[in-house]
Amino acid sequence: MFGAELAIPSRQLLYYSTTTITTRWSNPILSPHPSSVFTGISSPLQIGLCRAAAAGKVIEEDVSKQKKTNAFEIESLTSWLLEQQRVGNLDAELTIVINSISLACKQIASLLQTANISKLTGSQGTINIQGENQAKLDVIANEVFCNCLRSTGLTGIIASEEEEAPIAVEETYSGNYTVVFDPIDGSSNIDTSLTTGSIFGIYDSSNNKLGVAESEQEPEESNSTPATLRKLDEKKQKTIVSVCQPGRNLLAAGYCMYSSSVVFVLSLGKGVFSFTLDPMYGEFILTQKNIQIPKSATPSGAKRYSARYIGCLVGEIHRTLLYGGIYGNPSNIKSKKGNLRLLYECAPMSYLVEQAGGKGSNGYQRILDIVPEEVHQRVPIFIGSPEEVAKLEKYLA
């Protein structure tokens, strides 16, 4: 700090950073720090502080307060995750896994933006385990996700919509996390450049609610093991049981929406946060904190509902989170159990919506309480504003 004895023209002071004036200079005339020199004024606040110094006033600058009021301050996903780690909302290993997922999403976003130029539109000519035609980018995006998750060394098991069975990474179970994902949701929209997305959920691999690993009985005799698992050897059973956890066990879940903006939405179980990809810096930047879904679909005084369909679950849920309403994909003649998969579509989305104050239901039961019996199990889903979902459940009861 310095006082009235300082007599430097305000014009000269403009060439030194405010931080240096307040924290570095014991004698600003004799020992200016060379690293503090800059050739412009970054804010009106700095001009004011320099004028105060020139007038011989003691500057009492609260750096933390200045940061809070800086209109140009931005927070990246990485720095936000590190802060969540510092306050104990996640550990360092989970931070790395989520960062690897965000990297996969950046790569997929780039592939989608150039799909027409790179001839990545159209069908791959293959059919996945669901009996669905695979788009070229379905296959590529799946590889991108798997490679990013493997590279962390912390993911033990990976389960994807595009894979027949869960993958034990490098045939070991040393990784702490099980990651389930749909690499490209709404892939039928790719050829028309409409909204698509990626969905993911992260579980603790050690959560074994069905008791297969602990059972001393042979798999065929274990009553706690689903019939679909009894035909598999013990190693594969352990892998599938680590994946087939109810959504309430999720440690984190989120999605990335590829549209006019690339938006990464995430919850660690303490609210829902949205990050937008800044193409200039290649970073996801925090743009919305603690998203809360409106309690009902229609504003006060509105008399009618309206309906729309984007053809992409990620796009539907993103809009519903922001504006309220209800998204439904019920059972039907062609799909008696519904069209959407429990593990990597319905459960992660229900987790997010509940964290924002909404509800996710199959019409009779909370989605997050359903224990999967198989990796690609489908369920009906009604998800969105809590009042609307509750109203629907009364009709179905």
Side-chain angles (χ1 to χ4, degrees), residues 67 73-110 141 143-160 166-170 172-183 197-207 242-243 245 247-258 262-278 281-291 314 343-344 347-349 351-352 354-356:
K67 290 180 76 175
E73 181 183 10
I74 60 175
E75 184 173 10
S76 70
L77 173 62
T78 301
S79 60
W80 183 84
L81 287 171
L82 291 173
E83 175 62 18
Q84 298 307 304
Q85 180 184 323
R86 187 188 70 79
V87 299
N89 290 339
L90 78 169
D91 59 29
E93 293 183 346
L94 187 54
T95 299
I96 293 170
V97 172
I98 294 172
N99 257 325
S100 74
I101 292 172
S102 74
L103 175 60
C105 292
K106 290 176 188 177
Q107 292 183 43
I108 293 169
S110 179
E143 276 300 305
V144 168
F145 251 94
C146 290
N147 289 340
C148 286
L149 290 168
R150 285 192 186 103
S151 69
T152 67
L154 300 170
T155 308
I157 299 170
I158 298 170
S160 166
I167 301 168
V169 178
E170 296 179 359
T172 70
Y173 299 94
S174 57
N176 296 327
Y177 300 103
T178 294
V179 181
V180 297
F181 60 90
D182 181 355
S198 299
I199 309 170
F200 65 90
I202 305 173
Y203 293 90
D204 183 344
S205 291
S206 64
N207 268 339
S242 293
V243 170
Q245 299 185 46
R248 61 174 178 265
N249 289 357
L250 281 162
L251 300 176
Y255 61 79
C256 189
M257 182 179 71
Y258 313 110
V262 179
V263 182
F264 189 86
V265 177
L266 174 67
S267 176
L268 304 175
K270 296 181 182 295
V272 179
F273 297 80
S274 179
F275 303 80
T276 303
L277 184 63
D278 186 332
Y281 302 109
E283 289 284 348
F284 283 109
I285 305 301
L286 180 62
T287 46
Q288 288 178 289
K289 302 178 181 179
N290 294 309
I291 297 171
V314 169
L343 263 177
Y344 35 79
M349 288 305 197
Y351 180 87
L352 284 167
E354 284 199 9
Q355 285 296 315

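Here, residue 1 is the first one in the sequence, and each next residue gets the next number.
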field: Verdict with reasoning, Ile98 to Leu90, per side chain to side chain contact (heavy atoms under 4.5 Å, CB included)
entry: CA-CA 10 Å; Ile98 294 172; Leu90 78 169; 4.1 Å; yes
task: Would you give the length of the straight line joining atom OG1 of Thr95 to atom CD of Gln84, rounded to the nearest 0.5 angstrom?
output: 9.0 Å
query: Would you say the side chain of Asp278 lies within less than 4.5 Å of the side chain of Ile74, judging by non-hydrogen atoms?
result: no
message: I'd like to know if the side chain of Thr155 reaches the main chain of Tyr177, judged simply by a donor and an acceptor atom lying under 3.5 Å from each other, with no hydrogens or angles considered.
response: no
- prompt: Which heavy atom in Leu250 sits nearest to a heavy atom in Ala347, and how many Å separate them?
  reply: CD1-O, 3.9 Å
message: Given 3.5 Å as the limit, does a donor-acceptor pair link the side chain of Thr152 with the main chain of Leu149, or not?
response: yes
- request: Can you see which heavy atom on Ala253 is nearest to which on Tyr351, and at what distance?
  value: CB-CD2, 3.5 Å
task: Determine the sole option in Trp80, Tyr258, Phe273, Phe200 for which the ring-ring contact (aromatic ring centres under 6.0 Å, His included) test with Phe264 is passed.
output: Phe200
- prompt: In Å, rounded to the nearest 0.5 Å, how long is the span from CG of Leu94 to CG of Asp204?
  reply: 10.0 Å
task: Evaluate side-chain hydrogen bond (donor to acceptor under 3.5 Å, both in side chains) for Ser76 paired with Glu283, printing each intermediate quantity in order.
output: CA-CA 6 Å; Ser76 70; Glu283 289 284 348; 4.5 Å; no
query: Within the side chain of Ser267, is there an N or O that forms a donor-acceptor pair under 3.5 Å with the backbone of Gly269?
result: yes
task: From the options Val243, Val180, Leu251, select the one residue that forms a side chain to side chain contact (heavy atoms under 4.5 Å, CB included) with Tyr203.
output: Val180
message: What verdict does the side chain to side chain contact (heavy atoms under 4.5 Å, CB included) test give for Thr178 and Ser205, after you've listed the backbone C-alpha separation in whole Å, the side-chain angles of each residue and the deciding distance to 0.1 Å?
response: CA-CA 5 Å; Thr178 294; Ser205 291; 2.8 Å; yes
statement: Hits for side chain to side chain contact (heavy atoms under 4.5 Å, CB included) against Thr276, two or more places apart or cross-chain, chain-then-number order -> Ser261, Val263, Thr287
- prompt: Distance-only, no hydrogens or angles: does the Ser198 side chain make a donor-acceptor pair with backbone N or O of Tyr255 under 3.5 Å?
  reply: no
query: So how far is it from Ser79 OG to Ile285 CD1, rounded to the nearest 0.5 Å?
result: 7.5 Å
Value rounded to 0.5 Å, distance of SG in Cys256 from CG in Leu277: 7.5 Å
- request: For Cys148 and Ser151, work out which heavy atoms get closest and say how close.
  value: O-OG, 2.7 Å
Nearest heavy atoms of Pro348 and Leu343, plus distance in Å: CD-O, 3.2 Å
field: Inter-residue atom distance Gln355.CD - Asn290.CG, 0.5 Å rounding
entry: 10.0 Å
query: How close do Tyr344 and Ile199 get, heavy atom to heavy atom, and via which atoms?
result: O-CG2, 3.4 Å
query: Is the shortest heavy-atom distance from the side chain of Glu75 to the side chain of Phe275 under 4.5 Å?
result: no
Heavy-atom check, side chain of Leu81 versus side chain of Leu77, under 4.5 Å: yes
field: Contact check, side chains of Phe284 and Thr78, non-hydrogen atoms, under 4.5 Å
entry: no
field: Minimum side-chain heavy-atom gap Ile96-Glu93 below 4.5 Å
entry: no
- request: Would you name the heavy atoms of Met257 and Val314 that are closest together and state the gap between them?
  value: CB-CG1, 3.6 Å
